[in-house]
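I have placed the structure first, in the form of structure tokens, so that the comments after it can refer back to it.
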Amino acid sequence: MIFEILTIFPGMFSPLEESIVGKACGRGLIQVRVHNIRDFATDRHQTTDDRPFGGGEGMVMKPEPIVSALRAMNESGPPARIILLTPQGRLFEQETALELSCLERIVLICGRYEGVDERVAEYFTDDQISIGDYILTGGELAAMVVVDAVTRLIPGVLGNESSSLADSFSQKILEHPQYTRPQDFEGMCVPAVLLGGNHEIIRRWRRRQALLRTRMRRPDLFAGLSLSAEDYVLLEEGKIEDKGQKA
Ligand code: ADE
């Protein structure tokens with residue numbers, strides 16, 4: 001997978017050199033190529049933004065440097081999905097990450113200021129993505145979120161292939177709580193069920209915790225779950241257990 005990133009702040013992307021994404025680069029499983037949009041501006045001052053037609057606050061990113069960069073990209077390498085990061089895009093979810101992980105090459109355009117000239121969005125992109133309903137100072141952090149979430153789905157990137165599939169949201173349910181040593185941390189003890197070594201009892205406990213947690217914290221996700229017969233039993237058992245604990 002090749003990620004081509006178009007930005008006026010290439011220095012912001014050093015976090016991608018760390019950790020799992022950095023290792024995936026090192027192992028040749030992905031490539032992250034960061035391009036400075038300013039290098040494609042042809043005027044003396046290498047201008048990348050200008051005032052909005054019609055007046056108003058802020059500056060708008062000019063179309064010419066971005067489109068020149070896209071054309072240069074087009075001439076090098078396999079076909080790419082051109083994505084603009086913008087709060088006006090479709091919401092980026094786990095399914096979006098999965099969809100993108102099947103592509104060979106993605107171009108991520110990071111907007112700044114009041115956004116990019118609408119003609120870029122309309123005529124030169126295939127997709128527009130928002131990472132959430134809040135406004136960042138630019139698309140750079142959003143692009144890194146996309147690179148991170150997509151990279152971990154690429155075969156070979158995570159040690160254990162099943163771990164990305166078992167995650168929260170792959171199943172649209174929150175994950176059960178996890179504990180590690182020490183067994184007793186300042187008087188807070190690991191639930192006894194996890195110490196017993198009975199895999200079936202542990203599986204059922206984890207599933208119940210995941211269901212209860214999702215119902216409590218993310219009722220929107222819970223409403224969309226199709227519960228199995230076992231899930232109903234586990235939730236009922238949860239009620240009995242809660243009453244037992246309160247008593
Ligand atoms: N640029 C600014 N805010 C953004 C967001 N929420 N998602 C994607 N790109 C953005």
Side-chain angles (χ1 to χ4, degrees), residues 1-21 30 32-41 47-70 73 80-103 105-154 167-170 172 217-218 220-221:
M1 159 75 77
I2 304 169
F3 297 97
E4 312 270 11
I5 296 172
L6 303 190
T7 174
I8 54 165
F9 293 113
M12 285 183 72
F13 288 87
S14 54
L16 297 179
E17 290 161 21
E18 301 286 334
S19 184
I20 292 174
V21 176
I30 62 162
V32 180
R33 302 176 183 159
V34 182
H35 309 272
N36 193 340
I37 293 171
R38 206 171 289 286
D39 294 341
F40 296 87
T47 314
T48 56
D49 62 326
D50 206 339
R51 285 167 299 155
F53 275 119
E57 290 293 302
M59 301 288 269
V60 176
M61 289 183 77
K62 290 167 67 59
E64 307 95 309
I66 297 176
V67 170
S68 295
L70 288 174
M73 226 103 293
R81 165 108 43 115
I82 316 283
I83 302 173
L84 175 67
L85 282 317
T86 163
Q88 271 132 57
R90 66 181 172 125
L91 211 53
F92 184 68
E93 296 187 296
Q94 190 62 24
E95 270 141 39
T96 331
L98 254 177
E99 174 197 328
L100 299 183
S101 72
C102 302
L103 302 175
R105 192 170 175 233
I106 299 173
V107 178
L108 297 166
I109 307 171
C110 307
R112 277 268 146 184
Y113 314 113
E114 295 306 305
V116 306
D117 187 290
E118 187 61 23
R119 288 164 293 187
V120 171
E122 196 172 337
Y123 298 109
F124 295 93
T125 69
D126 303 311
D127 208 350
Q128 297 182 37
I129 283 179
S130 162
I131 62 159
D133 289 337
Y134 39 80
I135 313 292
L136 301 165
T137 54
E140 283 77 8
L141 287 170
M144 283 189 264
V145 166
V146 170
V147 171
D148 189 289
V150 171
T151 296
R152 62 189 292 290
L153 297 174
I154 292 170
D167 286 337
S168 288
F169 294 110
S170 290
K172 295 242 174 198
R217 298 182 187 179
R218 292 294 304 273
D220 57 321
L221 290 183

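Just so we're clear, the structure is a prediction, and the values are computed from it rather than from any experiment. Along the sequence shown, residues carry numbers from 1. Ligands are counted one by one from 1 in listed order, and the atoms in each one are counted from 1 as well.
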Note down each nitrogen or oxygen pair, ligand 1 side and protein side, whose separation is under 3.5 Å; give only atom names and the distance to 0.1 Å.
residue: ligand 1; atom: 3 (N); partner: L136; partner atom: N; Å: 3.0
residue: ligand 1; atom: 6 (N); partner: G132; partner atom: O; Å: 3.1
residue: ligand 1; atom: 6 (N); partner: Y134; partner atom: O; Å: 2.8
residue: ligand 1; atom: 7 (N); partner: I131; partner atom: N; Å: 3.0
residue: ligand 1; atom: 9 (N); partner: T86; partner atom: N; Å: 3.2

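Taking the charged nitrogens against the carboxylate oxygens, E4 and R81 have no contact shorter than 4.0 Å, which rules out a salt bridge. By the 4.0 Å N-to-carboxylate-O rule, R90 lies close enough to E99 to be salt-bridged with it.
With sequence neighbours excluded, no residue forms a salt bridge (charged side-chain N to carboxylate O under 4.0 Å, His left out) with D148. S68 is linked by a side chain to side chain donor-acceptor pair (under 3.5 Å) to nothing, counting only residues two or more places apart in sequence or in another chain.
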Contacts under 3.5 angstrom, residues 128-136 side chains, donor-acceptor by atom type, not counting sequence neighbours:
residue: S130; atom: OG; partner: G132; partner atom: N; Å: 3.2
residue: S130; atom: OG; partner: G132; partner atom: O; Å: 3.1
residue: Y134; atom: OH; partner: I131; partner atom: O; Å: 3.2

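No donor-acceptor pair under 3.5 Å is formed between the side chain of S19 and the backbone N or O of V21.
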